[in-house]
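Report on one structure; see the data block that follows.
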Amino acid sequence: MQLNYIANASVPSSSGRTLAVIDPSDGQPFDEIQRSNADDIDAAVHAARQCYQAVWQRMAPVDRGRLLQKLSAKVLEHADELTALEQRDCGKPTKQARADAVALARYFEFYAGACDKLHGETIPYLDGYSVLTWREPHGVTGHIIPWNYPMQIFGRSVGGALAAGNVCVVKPAEDACLSLIRVAQLAAEVGFPPGAINIVTGYGHEVGDALARHPGIDHISFTGSPKVGTIIQQVAAERHCPVTLELGGKSPQIIFADADLDAAVPVVLNAIVQNAGQTCSAGSRVLIDSLIYEPLLERLGHAFEKLRVGPAAMDLDVGPLIRQSQQQRVWDFLSDAQVAGIPMMAQGVVVDEAPEGGFYQAPTLLRDVPVGHRLAQEEVFGPVLSAMAFQDEDHAVELANATQFGLVAGIWTRDGARQFRMAKRVHSGQVFINNYGAGGGVELPFGGVKSSGYGREKGFEALYGFTTLKTVAIKHG
Ligand code: NAD
């Protein structure tokens, strides 16, 4: 049974209740986590505050960096163990789970190096004055993490917050806690002081809500659905607590007739099937120049048909979805497509070895999806790619921007001027030209516009969000 991790100690929830941990590959329970409550959050916030005041706030940035560097090395040392935990918990094929463990180490490495490079400025002002700015940590930060990339999102969110001088109370998703509990234990082993990283598990509407409401939380970093993002924003507004929101997407891959299709096809495919399509920045719409619509769809269709889906441990192209309700969600989208007469172009194959209770979904390519249909508008969060044709550049921009989201866009063209025009006109937080980095790039600031959220994580930019700026004006004559 898994316990909470508060002040470097494994502790049960005061509720005395637990939740089952289900293996998505066979639908069977194999472990338990704590079903925590507001008292557990209170204990974690108290431990974090004590750590902040007594130790963390006083630690030299270079020493914080050294601790993060040690944690990075420790994660790599334990990469096999973390891979196995994440794989069983989330149904990730081995190569994906391992990539996530390696990315976690890389986040800690990146932010280790950033700790002692974050500084304020001096500002020329009136005669007889000196003015300077200080970048100060918020203090105790809350981190609400989704289930799709627990380790990666923990790395970017907690790594950035610690580097900027904050301490952390973390609420992992109820479907994916195991790796994060272990990482907090590893942090204690390399010398993180008690209270710097605290993990409290349980349901979002119980323990997540308690975290968002706690008056001792000075900043909230939320990654999850737009619906819960709205709730977090409302709750935080009650006490004017700053929030970073990393929400969903309906990201377009825009392919012009002059693109290098040999390069584009595997990347477009990977951007929708990676992690079984359960990626906020999944390239879930492919907008294709009408001049190459039919031949490109045919190529994509062949690629889809070759995809094999099966249990995480088989390490195929695609693993199971996280849980039954997610599988049902994808089925609902596909049955809506059928009702609307949207043609299915191609599907991958679920292998015979896949256990019956697992949450499998064959990757599916849909064509001629009308721009107003929910398959062109809403996040499926499964391996479903919606294709549509555009007539010219203006039309491509119109389709690309025609959703409530704006997280990532991919633009495929050899025309240099068009690359810049399109990058400017597409409304999103990241634009990739002739490549696509679904979730990738530790160094690259990441975040959305519109309903994809606000604030930036990853890269150095994240450190500005995890700090507040103090202006000090000195009159010395
Ligand atoms: P979710 O919003 O249901 O849950 C996210 C987290 O919020 C979980 O830990 C959950 O327990 C918690 N939560 C739920 N209700 C809560 C409440 N009332 N108060 C406080 N916390 C609460 O999202 P999900 O289904 O876990 O993840 C999928 C969503 O996350 C997708 O929309 C996806 O696009 C988005 N996502 C975004 C990014 C990004 O960086 N932009 C990354 C990954 C996932």
Side-chain angles (χ1 to χ4, degrees), residues 19 33 35-36 38 41 89-90 100 103 107 142-157 160 169-177 180 199-214 217 220-236 238 241 243-251 274-284 321-323 325-327 329-330 378-382 403-408 428-430 437-442 444-459 462 465:
L19 297 172
I33 55 164
R35 180 174 170 178
S36 309
I41 285 291
D89 205 7
C90 305
D100 290 358
Y107 276 113
H143 302 259
I144 301 178
I145 313 267
W147 44 261
N148 57 347
Y149 291 91
M151 284 197 280
Q152 290 217 31
I153 293 169
F154 182 92
R156 78 185 193 202
S157 180
V169 177
V170 181
K171 207 301 276 179
E174 48 273 38
D175 297 294
C177 299
L180 303 191
I199 311 276
V200 185
T201 63
Y203 283 130
H205 63 276
E206 294 177 352
V207 72
D209 182 69
L211 173 62
R213 285 180 198 281
H214 199 290
I217 294 287
I220 301 169
S221 168
F222 172 78
T223 306
S225 61
K227 186 170 148 220
V228 178
T230 305
I231 298 173
I232 300 286
Q233 238 175 330
Q234 286 165 341
V235 167
E238 295 277 328
C241 177
V243 178
T244 300
L245 292 180
E246 297 282 3
L247 309 178
K250 192 75 190 174
S251 298
Q274 175 183 320
N275 210 37
Q278 304 166 120
T279 304
C280 53
S281 50
S284 53
L321 298 168
I322 187 75
R323 58 175 179 242
S325 63
Q326 194 64 27
Q327 189 184 37
R329 177 183 164 86
V330 179
E378 295 174 27
E379 200 173 26
V380 177
F381 230 52
T403 75
Q404 61 170 318
F405 296 111
L407 195 56
V408 180
S428 69
Q430 282 190 334
V442 166
L444 312 182
F446 178 77
V449 296
K450 304 195 281 185
S451 292
S452 292
Y454 56 76
R456 294 292 176 265
E457 288 192 345
K458 301 191 180 183

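Both ligands and their constituent atoms are indexed starting at 1 by order of listing.
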Inset, instruction - Any chance you could measure Arg456, atom CZ, to Leu444, atom CG, to the nearest 0.5 Å? - result: 12.5 Å

Inset, instruction - Grab the two heavy atoms, one from Phe446 and one from Cys280, that are nearest each other, plus how far apart they are. - result: CZ-SG, 4.0 Å

Inset, instruction - Could you check atom 12 (C) of ligand 1 against the protein and tell me its nearest heavy-atom contact, residue, atom and distance included? - result: Ile144 CG2, 3.6 Å

Legend entry - Structural part of Arg213 in contact with ligand 1, heavy atom criterion under 4.0 angstrom: neither

Inset, instruction - Kindly compute the distance separating NZ (Lys250) from OG (Ser428), expressed to the nearest 0.5 Å. - result: 15.5 Å

Legend entry - Closest protein heavy atom to atom 35 (C) of ligand 1, given as residue, atom name and distance to 0.1 Å: Gly224 O, 3.1 Å

Inset, instruction - List for me each residue that meets salt bridge (charged side-chain N to carboxylate O under 4.0 Å, His left out) alongside Glu457, sequence neighbours excluded, and say none if there are none. - result: Arg156

Legend entry - Under 4.0 Å to a heavy atom of Glu174 - the qualifying atoms of ligand 1, by number: 10 (C), 11 (O)

Legend entry - Point-to-point distance, once rounded to the nearest 0.5 Å, from NE2 of His143 to CD1 of Ile220: 10.0 Å

Inset, instruction - Taking Gln278 for its side chain and Ile322 for its backbone only, find out whether a donor-acceptor pair lies under 3.5 Å. - result: yes

Inset, instruction - Just let me know how Leu211 lines up against ligand 1, side chain, backbone, both or neither, with a heavy-atom cut-off below 4.0 Å. - result: neither

Inset, instruction - Using non-hydrogen atoms of the residue, decide whether Arg156 is closer than 4.0 angstrom to ligand 1. - result: yes

Inset, instruction - Run the numbers for me: atoms of ligand 1, each under 4.0 Å from some heavy atom of Ile145, listed by number. - result: 6 (C), 8 (C), 9 (O)

Inset, instruction - Record the part of Tyr149 in heavy-atom contact with ligand 1 below 4.0 Å; permitted values are side chain, backbone, both and neither. - result: neither

Legend entry - Summary of salt bridge (Lys or Arg N to Asp or Glu O under 4.0 Å) pairs that have at least one residue in residues 142-154, sequence neighbours excluded: none

Inset, instruction - For Asn148, counting its heavy atoms only, list the atoms of ligand 1 lying under 4.0 Å from any of them. - result: 43 (C), 44 (C)

Legend entry - Short N or O distance, Ser225 and ligand 1, threshold 3.5 Å exclusive: yes

Inset, instruction - Between Ile232 and ligand 1, find which residue part has any heavy-atom pair under 4.0 Å and reply side chain, backbone, both or neither. - result: side chain

Legend entry - Protein contact for atom 23 (O) of ligand 1 (heavy atom, distance under 4.0 Å): yes

Inset, instruction - Please could you name the atoms of ligand 1 that Pro146 approaches to less than 4.0 Å, counting only its heavy atoms? - result: 26 (O), 27 (O), 43 (C), 44 (C)

Legend entry - Residue Gly248 vicinity, atoms of ligand 1 by number, heavy atom under 4.0 Å: 34 (O)

Inset, instruction - Answer whether the closest heavy-atom distance between the side chains of Phe381 and Ser225 falls below 4.5 Å. - result: no

Legend entry - Pro172 near ligand 1 by a heavy-atom separation under 4.0 Å: yes

Inset, instruction - Look up atom CG in Leu19 and atom OG in Ser36, then write down how far apart they are to the nearest 0.5 Å. - result: 8.5 Å

Legend entry - Residue and atom name of the nearest protein heavy atom (relative to atom 28 (C) of ligand 1), distance in Å to one decimal: Phe381 CE2, 3.5 Å

Inset, instruction - Please confirm whether Tyr203 comes within less than 3.5 Å of ligand 1 when only nitrogen or oxygen atoms on both sides are compared. - result: no

Inset, instruction - Decide yes or no for Trp147 and Asp89: does some side-chain heavy atom of the first lie under 4.5 Å from some side-chain heavy atom of the second? - result: no

Inset, instruction - Look at the side chain of Glu174 and the backbone N and O of Thr201, then say whether any donor-acceptor pair between them is shorter than 3.5 Å. - result: no

Inset, instruction - For ligand 1, note which part of Glu379 has a heavy atom under 4.0 Å away: side chain, backbone, both or neither. - result: side chain

Inset, instruction - Give the atoms of ligand 1, by number and element, whose distance to some non-hydrogen atom of Glu246 is under 4.0 Å. - result: 37 (C), 38 (C), 39 (C), 40 (O), 41 (N)

Inset, instruction - Answer yes or no: does an N/O atom from Cys280 fall short of 3.5 Å to an N/O atom of ligand 1? - result: no

Inset, instruction - Spell out, as yes or no, whether a donor-acceptor pair under 3.5 Å connects the side chain of Ser452 to the backbone of Gly248. - result: yes

Inset, instruction - Would you give the length of the straight line joining atom CD1 of Ile145 to atom CZ of Phe222, rounded to the nearest 0.5 angstrom? - result: 10.0 Å

Inset, instruction - Number the atoms of ligand 1 from 1 as they appear, then name those within less than 4.0 Å of a heavy atom of Gly208, with their elements. - result: 19 (N), 20 (C), 21 (N)

Inset, instruction - Compare Leu247, Asn275, Thr230 and give the one whose heavy atom is closest to atom 37 (C) of ligand 1. - result: Leu247

Legend entry - For ligand 1, the portion of Val228 having any non-hydrogen atom under 4.0 Å away: side chain

Legend entry - Polar proximity ligand 1 side, Trp147 side, N/O cut 3.5 Å exclusive: yes

Legend entry - Pro226 heavy atom under 4.0 Å from ligand 1: yes

Legend entry - Ligand-side contact atoms (ligand 1) for residue partner Ile153, heavy atom cut-off under 4.0 Å: 42 (C), 43 (C)

Inset, instruction - Verify the neighbour count for atom OH of Tyr203: are there more than 12 heavy atoms of other residues, nucleotides or ligands below 6.0 Å? - result: no

Legend entry - Protein contact of atom 14 (C) of ligand 1 - nearest heavy atom, named by residue and atom, plus distance: Gly204 CA, 3.6 Å

Inset, instruction - Look up atom OG1 in Thr230 and atom CG in Leu247, then write down how far apart they are to the nearest 0.5 Å. - result: 7.5 Å

Inset, instruction - Would you check whether Lys171 has a nitrogen or oxygen atom less than 3.5 angstrom from a nitrogen or oxygen atom of ligand 1? - result: yes

